[in-house]
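Each ligand, and each atom within it, is numbered from 1 in the order the structure gives.
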Amino acid sequence: MALVTTKEMFKKAYDGGYAIGAFNINNMEIIQAITEACEELRSPVILQVSAGARKYAKHEYLMALAQAAVKDTGIDLALHLDHGADFEICKSCIDGGFTSVMIDGSKYPFEENIALTKKVVEYAHAHGVVVEGELGKLAGVEDDVKVSSDDAMYTNPDEVEEFVSKTGVDSLAIAIGTSHGAYKFKGEPKLRFDILEEISRRLPYFPIVLHGASSVIPELVEEINSCGGNLSGAKGVPEELLRKAATSAVCKINIDSDIRLAMTAGIRRVLKAQPEVFDPRTYLTVARDEVRKMVKHKIKNVLGSENKL
Ligand code: G3H
Ligand code: 13P
Ligand code: ZN
């Protein structure tokens with residue numbers, strides 16, 4: 001068993017009409033919870049690392065923890081850089097043992113995005129690493145981008161064939177209405193399945209990626225709020241919409257906020273009920289259990305990836 005690329009995973013997911021969960025990792029408890037859940041349900045999985053996670057936990061620790069998880073669970077894992085902002089961070093992760101990187105050039109004009117993505121693809125492929133590119137702009141972490149009209153945020157299907165053929169990317173993240181964080185929709189949640197369908201028609205047999213795919217489960221938000229938190233107005237993507245996406249060309253679904261919410265709800269619950277607790281293992285054990293439960297829930301209710309190892 002080893003750290004592997006997403007190539008085989010995506011091929012099987014495309015053929016099988018399910019998606020692979022890409023969960024963000026930041027520490028040992030999160031890595032253990034995700035990988036134990038996947039071991040139990042025999043589900044393939046991608047562990048993804050943001051620049052912030054690398055800053056918080058350091059590359060070497062996350063790398064060593066991912067390798068430890070492979071040994072402990074006996075399952076293959078893909079280790080992926082989430083939202084690589086430039087060539088340098090992608091190169092550093094490729095040189096440092098990641099099996100997949102995302103180069104997020106979506107904030108640049110089309111031609112610049114192509115040039116940057118192509119440069120990363122050339123370096124990555126020469127080192128046996130796969131690359132995810134992005135076309136279209138999500139709100140949230142990418143909200144420094146000024147978008148004039150609602151429509152301008154969605155991926156333009158007219159651009160996808162040229163982008164994929166000129167860059168050589170292995171998968172493509174698209175914007176169809178999801179966004180990052182716990183506040184995704186002010187009104188009714190809506191995903192543009194018509195755009196997704198048009199993109200998959202133009203890119204036959206090509207893996208599509210959905211970012212910003214947490215559902216911000218209302219019970220968790222209520223629990224956090226009842227234990228002293230304040231997440232009023234938080235709203236995510238309904239799980240039935242993501243389930244529908246997982247049966248299409250969408251092969252990778254990114255989930256971070258739901259893990260954060262699960263951990264936070266567990267920790268707040270313990271500290272509210274037992275204010276005398278000061279051993280971090282007491283609340284981190286509960287937090288880890290909550291993340292494990294959340295990942296199993298996603299595998300069964302959103303991804304459809306149970307028993308696909
Ligand atoms: O899409 C962004 C992920 O949720 C990672 O967030 O940059 O705060 O680690 P982060
Ligand atoms: P969420 O904020 O919906 O969890 O999205 C995570 C993500 O897209 C990581 O790249
Ligand atoms: Zn993202």
S.K.: May I ask you to check whether H125 and D170 show a side-chain donor-acceptor distance below 3.5 Å?
M.R.: yes
S.K.: Measure the distance from atom 10 (O) of ligand 2 to every protein heavy atom, then report the residue, atom name and distance (to 0.1 Å) of the closest one.
M.R.: D82 OD2, 2.7 Å
S.K.: Please confirm whether S257 comes within less than 3.5 Å of ligand 2 when only nitrogen or oxygen atoms on both sides are compared.
M.R.: yes
S.K.: Provide the atom name of the closest N, O or S atom of H211 relative to the Zn ion (ligand 3).
M.R.: ND1
S.K.: With heavy atoms of N24 as the reference, note each atom of ligand 2 found under 4.0 Å away.
M.R.: 9 (C)
S.K.: Looking at the Zn ion (ligand 3), which N/O/S atom of H180 is the nearest one?
M.R.: NE2
S.K.: Taking G96's backbone N and O only, do any of them form a donor-acceptor pair with H59's side chain (distance below 3.5 Å, no angle check)?
M.R.: yes
S.K.: Considering heavy atoms of the protein only, find what lies nearest to atom 8 (O) of ligand 2 and give residue, atom and distance to 0.1 Å.
M.R.: G212 N, 2.8 Å
S.K.: Looking at M1, is its backbone amide N or carbonyl O close enough to the side chain of D76 to form a donor-acceptor pair, meaning the two atoms are under 3.5 Å apart?
M.R.: no
S.K.: Between S214 and D258 (side chain of the first, backbone of the second, donor and acceptor by atom type, cut-off under 3.5 Å), is there such a pair?
M.R.: yes
S.K.: For D104 and E134, indicate whether the former's side chain and the latter's backbone hold a donor-acceptor pair under 3.5 Å.
M.R.: no
S.K.: Going by the angle between their ring planes, with limits at 30° and 60°, are F110 and F163 parallel, tilted or perpendicular?
M.R.: tilted
S.K.: Taking only heavy atoms of N24 into account, list the atoms of ligand 1 that are under 4.0 Å away from them.
M.R.: 3 (C), 5 (C)
S.K.: Report the member of Q48, R260, H180, H211 with the shortest heavy-atom distance to atom 10 (P) of ligand 1.
M.R.: R260
S.K.: Using a strict 4.0 Å cut-off to heavy atoms of H211, name the atoms of ligand 2 that fall inside it.
M.R.: 8 (O), 10 (O)
S.K.: Does only the side chain of A213 get under 4.0 Å from ligand 2, or the backbone, or both, or neither? Count heavy atoms.
M.R.: backbone
S.K.: Relative to the heavy atoms of Q48, which atoms of ligand 2 are at a distance of less than 4.0 Å?
M.R.: 9 (C), 10 (O)
S.K.: Looking only at protein heavy atoms, which one is nearest to atom 3 (O) of ligand 2, and how far off is it?
M.R.: K184 NZ, 2.6 Å
S.K.: Counting each atom of ligand 2 from 1 as listed, which ones have a heavy atom of H83 under 4.0 Å away?
M.R.: 10 (O)
S.K.: State whether the side chain of N301 and the backbone N or O of H297 hold a donor-acceptor pair below 3.5 Å, judged by distance alone.
M.R.: yes
S.K.: Is the closest basic N to carboxylate O distance between K296 and E306 below 4.0 Å?
M.R.: no
S.K.: Please could you name the atoms of ligand 2 that I255 approaches to less than 4.0 Å, counting only its heavy atoms?
M.R.: 4 (O)
S.K.: Salt-bridge test for K244 and E240: reply yes if a basic N is under 4.0 Å from a carboxylate O, no otherwise.
M.R.: no
S.K.: Test of understanding: given a 4.0 Å heavy-atom threshold, classify the contact between I259 and ligand 2 as side chain, backbone, both, or neither.
M.R.: neither
S.K.: Could you tell me which atoms of ligand 1, counted from 1 in the order shown, lie closer than 4.0 angstrom to a heavy atom of D256?
M.R.: 3 (C), 4 (O), 5 (C), 6 (O)
S.K.: Look at E223 together with R269 and state whether they make a salt bridge at an N to O cut-off of under 4.0 Å.
M.R.: yes
S.K.: Check this for me: does any side-chain nitrogen of one of K12 and D15 sit under 4.0 Å from a carboxylate oxygen of the other?
M.R.: no
S.K.: Just heavy atoms, cut-off under 4.0 Å: does D82 contact ligand 1 by side chain, backbone, both, or neither?
M.R.: side chain
